[in-house]
Amino acid sequence: MEFAEHIKTANVEDVVLRQPLQPPSRGTLCITGHHLLFSDREESDSRQVLLLLRNIDAIEKSVENLTGYSGFFSNASHSERMSGSSGTITMKCKDLRVLQLDIPGMEQCLNIAHSIETLSCLDCVSAMYPFFYRPVDLSLPEQWGLSSPEMHYSQMKELYEKWRLSTVNRDYSVCPSYPPAVIVPKSIDDDTLKKAAKFRQGGRFPVLCYYHKKNGMVIMRSSQPLLGANRKRCKEDELLLQAVIEGSDKGYIIDTRSMQQAQQARMTGGGFESKSFYDRWKRFHRQMERGKALQESLIKLVEACGDESNNMDRWLSKLENSKWLSHVQNALSTAGLLVECVERDGHSVLVHGSEGTDCSLLISTLAQLIMDPCCRTMEGFLGLLEREWIQARHPFQQRCAHSAYSHARLQQESPVFLLLLDCVWQLWRQFPLALGFSEALLLRLATEVYASDYGTFLCNSDQERCALEVKERTHCLFRALLRPTERDYYSNPLYERTELAIWPSVHPQSLQLWKGYFLRWTQQVRHLEEAQEEIRNMVIEWGKLARS
Amino acid sequence: MEHIRLPKVENVKLLDRISHRRRRVGTLYLTATHTIFVESEAGVRNETWVLHSLVCSVDKLAATPSGCPLLIHCKNFQVLHFIISKEQECHDIHLSLQRLSQPESYDELYCFSYKPNVDEKERRQEWDFLDLKADYSRMGLPSSLWKLSPVNQHYKVSDTYPADLFVPESATPPVIVGSSKFRSRGRFPALSYYCKDNHAAICRSSQPLSGFSARCLEDEQMLEAILRSNPCSDFMYVVDTRPKLNAIANRAAGKGYENEDNYSNIKFQFVGIENIHVMRNSQQKMLEVCELRSPSMSDFLEGLESSGWLKHIKAVLDAGIFIAKAVAEEGVSVLIHCSDGWDRTSQVCSVACVLLDPYYRTLRGFMVLIEKDWVSFGHKFSHRCKHVVGDPKEVSPIIDQLLECVWQLMEQFPCAFEFNERFLITIHNHFYSCQFGNFIGNNQRERIELRVHERTHSLWSYLWANRTDYTNPLYRPNHSQTQGLLRASTSPYSFKFWKGLYNRFDHGMHPRQSVEDYLRAIQEETQQLEEHTGEGLHYIREVILILWLITVHSYYKSKEKKKIPPGCFSAFDKSPTVWAPGNNLGLANTPQDYTGGFITGSPCQPKGPDSILLPKSTNQISDASFSNGSDQESGIADLSCRSPLSEDSTRDPDSDEAAYSAA
């Protein structure tokens with residue numbers, strides 16, 4: 001196995017593992033190509049900890065030589081001297097768990113640390129665990145994923161009249177980040193689409209992402225138009241947008257950048273739809289944080305949660321300073337604006353920022369959850385994630401390479417998906433009966449997106465996934481979550497479908513720190529989980545009696 | 001009444017606190033006891049009742065072209081922003097309300113005129129509902145170590161203490177009296193809680209008059225006696241809940257704290273809870289943050305931090321945990337005091353009791369706790385809650401902090417408390433409302449002089465009668481969470497802002513669906529189903545769901561819908577100050593102000609299926625089963641009159657459940 005070169009010490013006895021919420025335990029540590037395996041020495045309740053190395057975000061090691069000095073002696077005496085030494089490895093995981101290993105022997109400790117450091121951030125996608133994960137109760141499926149753009153379109157009969165499925169991107173040549181099939185206005189032919197694509201960053205021309213059955217209005221998604229400094233225009237792009245609001249008096253554009261940012265983007269070839277060429281479109285600018293700033297926000301928040309100074313002022317100041325909750329507020333309120341445009345004002349909306357692969361997805365996903373009861377069931381929600389984030393491409397591999405603990409230099413990391421999950425959690429807090437899934441599902445997704453047995457969040461686009469045969473060689477998380485046993489566990493026992501929009505409150509008082517995630521490994525959150533178990537038991541008890 | 005200059009003003013606007021674009025137009029009435037706003041829009045019957053005794057301040061702002069604004073702040077954190085078109089009318093209302101909301105004597109208080117439809121015998125029984133002696137005997141007292149002392153029978157030793165007090169068996173009257181002379185206000189060390197498993201006790205007192213060097217033999221003997229009443233322990237803690245600096249400053253005034261050298265085997269400790277003035281200012285600052293119209297997250301968090309409120313709550317909880325651990329884990333007795341021993345001392349005793357003893361986490365137990373540590377030990381309710389005109393420096397939200405500490409614990413331990421948030425908020429309301437006699441006056445002696453037990457009603461039996469409203473459906477007395485000492489976390493992140501209390505009337509901020517109400521319905525139904533299996537089951541289910549729907553409605557819509565003129569309250573239970581978080585729930589589930597006013601066009605949203613109306617037959621059933629209560633009727637009336645509002649996709653928790661029952 002090609003991982004062997006990174007594993008100098010595969011097994012260590014007499015290791016002490018310290019993990020949150022549990023007493024320390026002594027046992028055997030084993031390193032494999034993808035996992036760290038710890039087995040408790042007590043055979044009676046043989047506890048095992050199996051940790052994906054990919055889950056480890058950062059490690060810290062400290063070695064201690066009990067004999068006092070180490071070093072410049074012959075090899076023979078060297079190992080003897082080493083025997084009195086020991087080392088400690090602290091592993092900080094992407095699921096925010098912090099584990100500590102006390103390993104006897106300095107050399108073994110350094111070997112283990114080296115293996116973890118190397119194997120936890122291998123770049124080669126096809127060497128990652130999902131390609132090796134073969135559970136007995138799952139066979140590789142015929143169909144990967146829950147649906148496809150083609151299936152989605154064919155199920156939406158309302159679309160047939162005015163919208164068509166275009167395969168202009170079948171070989172990913174028009175837009176490398178789009179799926180092969182997209183939904184566009186019927187009156188627009190593929191040539192027009194190709195030209196419009198040239199006018200949008202990364203070729204992400206406006207496509208349909210949501211059709212509101214109540215009034216026939218739609219949400220479109222794209223990247224920024226490439227106006228540039230000399231204000232280029234593109235007839236085809238204008239035509240495409242015109243076709244979207246055919247039969248209506250106007251449409252709205254929600255630009256996820258501030259007016260100033262959008263104007264500055266012209267200097268680098270981007271820009272926004274100007275009033276003179278898109279006269280029936282009204283534009284809103286809502287500045288949303290993205291990229292590095294968002295990653296730094298997460299890092300600060302996680303740091304604040306780990307602060308043990310026990311000082312209230314310091315905590316509140318750090319919480320504020322992280323700005324994470326401001327981002328939550330901003331995302332929910334922009335999504336609220338989008339829903340207000342579609343649901344209350346009755347007009348179609350185009351959402352974009354610059355690339356159209358981060359905030360635009362966040363906003364359109366939240367808006368659909370708020371408006372559409374079909375997206376609030378468990379299948380509906382996973383299907384929504386698949387459409388908006390997998391098919392319409394969020395670059396997961398880049399965005400989720402590291403989480404909050406990593407010391408690595410930040411590159412393309414950004415916790416946009418985590419921000420989405422946090423916002424969905426806030427919705428669930430405010431409408432505890434309206435969503436078909438539970439907090440546990442959000443937590444599972446938050447873990448899987450950073451380190452997973454499944455192939456769902458691998459790669460940056462559909463094109464990359466095809467090239468690496470992800471769909472043939474890995475299992476799909478969404479399908480696995482919908483198996484009956486898992487589904488029971490992740491469903492919301494209180495769910496009662498409601499047809500109406502669930503308008504979130506965005507007052508600071510209404511938004512809370514997502515303790516279930518950020519303080520997941522504390523005793524306090526255990527108490528809250530126990531309460532959720534009680535709720536589930538009550539409903540089950542009641543259900544049994546009511547049926548009998 | 002002579003103080004009402006103007007009983008009625010028409011064409012008054014009531015602005016929504018969060019979004020001033022939302023306003024309601026109606027008529028404002030002043031009665032002897034309430035300010036009432038009746039919305040006059042066709043098809044909507046909406047009344048807002050505010051008890052005069054709950055009014056904290058009335059401010060007339062500078063007149064604007066649209067009229068003269070009148071701002072009313074209430075002690076239960078309701079804020080009403082009226083616009084009265086004529087300045088003279090506004091002036092009259094302002095003056096009337098100022099007078100009406102500031103009674104000059106106890107006799108003006110609402111509890112002395114509040115006459116629900118209850119006969120005298122029942123009223124007397126209300127006051128027998130709680131018996132403190134029973135609680136002491138629950139603790140195993142009197143025993144061979146602690147005795148009931150008659151020394152304060154006529155309030156001669158300490159006029160702010162209760163008549164019945166438990167002291168160490170070995171404490172003789174001369175020792176007690178001697179000790180009391182060495183303590184502020186004569187508040188000598190007396191028992192607050194006794195743990196019969198390990199004999200550790202929590203005692204309370206005021207500060208000693210030690211100055212720089214004074215000693216008192218009897219006081220030293222008194223502490224010695226407390227120590228000896230715990231045979232398993234060779235020392236005791238003396239906890240001064242004040243910051244050290246404050247305590248030192250008191251020495252200059254001949255007061256101060258115990259010198260460890262003079263008392264044998266004590267460990268002395270400061271815990272640093274700030275005084276009433278700091279707490280008053282802190283809450284004021286926090287309320288200003290709550291009132292910001294559309295604050296950003298940063299504004300809010302910065303404001304919350306600089307108010308210091310959560311820091312103070314944490315300090316009280318930290319102190320409570322220290323004492324609870326000393327008692328439960330070390331088996332050591334504790335004497336707690338602050339300056340006078342009626343503010344911080346009461347807080348810390350109560351918090352420690354809640355942590356220590358599961359009984360105080362039950363409905364009845366919590367009532368007993370307030371009765372014991374606060375009412376009987378002389379927390380100055382009338383001063384702190386400003387029941388009558390007095391020194392504004394005496395006002396302070398000390399009792400609010402106790403409720404908040406308990407609420408914070410409830411949030412940490414969802415299965416550990418028999419009561420719910422609604423219970424705490426209702427109690428909070430009545431600390432201030434003066435509707436019941438329990439909290440009138442500043443100590444037991446004053447209440448006897450006012451003949452409170454002869455002339456007023458008791459909150460406790462009212463709460464008990466309505467206990468189903470206040471029960472936590474997740475309460476599990478046998479759950480591992482709830483056993484013995486609650487191991488609460490006081491990491492800063494464990495504390496939350498209590499919007500349920502401080503933004504109680506801003507309905508848009510609260511969760512739109514209530515898990516608790518849903519679970520309560522399930523719980524009731526489960527019980528019923530267990531009792532009646534087989535025949536008639538289907539019918540029972542239906543009826544239960546309907547009953548539940550109605551109760552849910554009456555929580556949210558429990559404003560009295562009686563005809564004006566009010567002032568005569570025939571129903572005992574649902575009085576206007578009762579739990580009423582959502583008298584305009586129609587507005588609850590609507591879009592927030594996401595747009596900043598961008599979209600002003602009229603909504604053109606197609607009507608969805610109208611799931612709000614109950615089937616007609618359902619109406620009839622419920623009318624038949626509940627013909628006696630006006631509230632239940634109004635619940636139904638509201639259901640049917642809500643349909644005109646459905647155009648802006650209004651939706652509220654209860655209507656969700658309407659769909660649920662139809663299913």
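Please read all numbers here as calculations on a predicted model, not as lab measurements. Because only heavy atoms are used, hydrogens play no part in the values below, and waters and symmetry mates are left out as well, while side chains stay in. Each chain gets a letter, A, B and so on, in the order the sequences are listed, and its residues count up from 1.
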Engaged part of [X] at the chain B interface, taking heavy atoms whose separation is under 4.5 Å:
| X | value |
| --- | --- |
| A:A304 | neither |
| A:S309 | neither |
| A:N321 | neither |
| A:Q523 | neither |
| A:Q329 | side chain |

What is the minimum heavy-atom distance between [X] and [Y], and which atoms define it?
| X | Y | result |
| --- | --- | --- |
| B:K499 | A:Q509 | CD-O, 3.2 Å |
| A:P504 | B:R512 | C-NH2, 3.8 Å |
| A:S326 | B:M297 | OG-CB, 3.4 Å |
| A:S505 | B:G508 | CB-O, 3.2 Å |

With a 4.5 Å limit on heavy-atom distance, are the side chains of [X] and [Y] in contact?
| X | Y | answer |
| --- | --- | --- |
| A:E320 | B:E305 | no |
| B:L474 | A:M538 | yes |
| B:R487 | A:H527 | no |
| A:N310 | B:K314 | yes |
| B:E530 | A:L545 | yes |
| A:K515 | B:K496 | yes |
| B:Y493 | A:T522 | yes |
| A:L494 | B:L519 | yes |

> Based on non-hydrogen pairs under 4.5 Å, which of A:D307, A:N311, A:L513 is most in contact with chain B?
Replying inline: A:N311

> For chain A, which of B:E411, B:Q527, B:Q523, B:Q412 has the most heavy-atom pairs under 4.5 Å?
Replying inline: B:Q412

> With sequence neighbours excluded, what pairs up with B:S296 under the side-chain hydrogen bond (donor to acceptor under 3.5 Å, both in side chains) test?
Replying inline: B:D299

>> Please classify the contact between B:S298 and chain A as side chain, backbone, both or neither, with a heavy-atom cut-off of under 4.5 Å.
In response: both

>> Run the side chain to side chain donor-acceptor pair (under 3.5 Å) test on A:E496 and B:Y518 for me, step by step, so that the C-alpha distance in whole Å, both residues' side-chain angles and the decisive distance to 0.1 Å come before the verdict.
In response: CA-CA 11 Å; A:E496 292 290 342; B:Y518 187 99; 3.1 Å; yes

>> List the residues meeting ring pair (Phe, Tyr, Trp, His ring centres under 6.0 Å) with B:H479, not counting sequence neighbours, and say none if there are none.
In response: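 With sequence neighbours excluded, B:H479 shows a ring pair (Phe, Tyr, Trp, His ring centres under 6.0 Å) to no residue whatsoever.
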
> Do A:Q524 and B:S494 have a side chain donor and acceptor closer than 3.5 Å?
Replying inline: yes

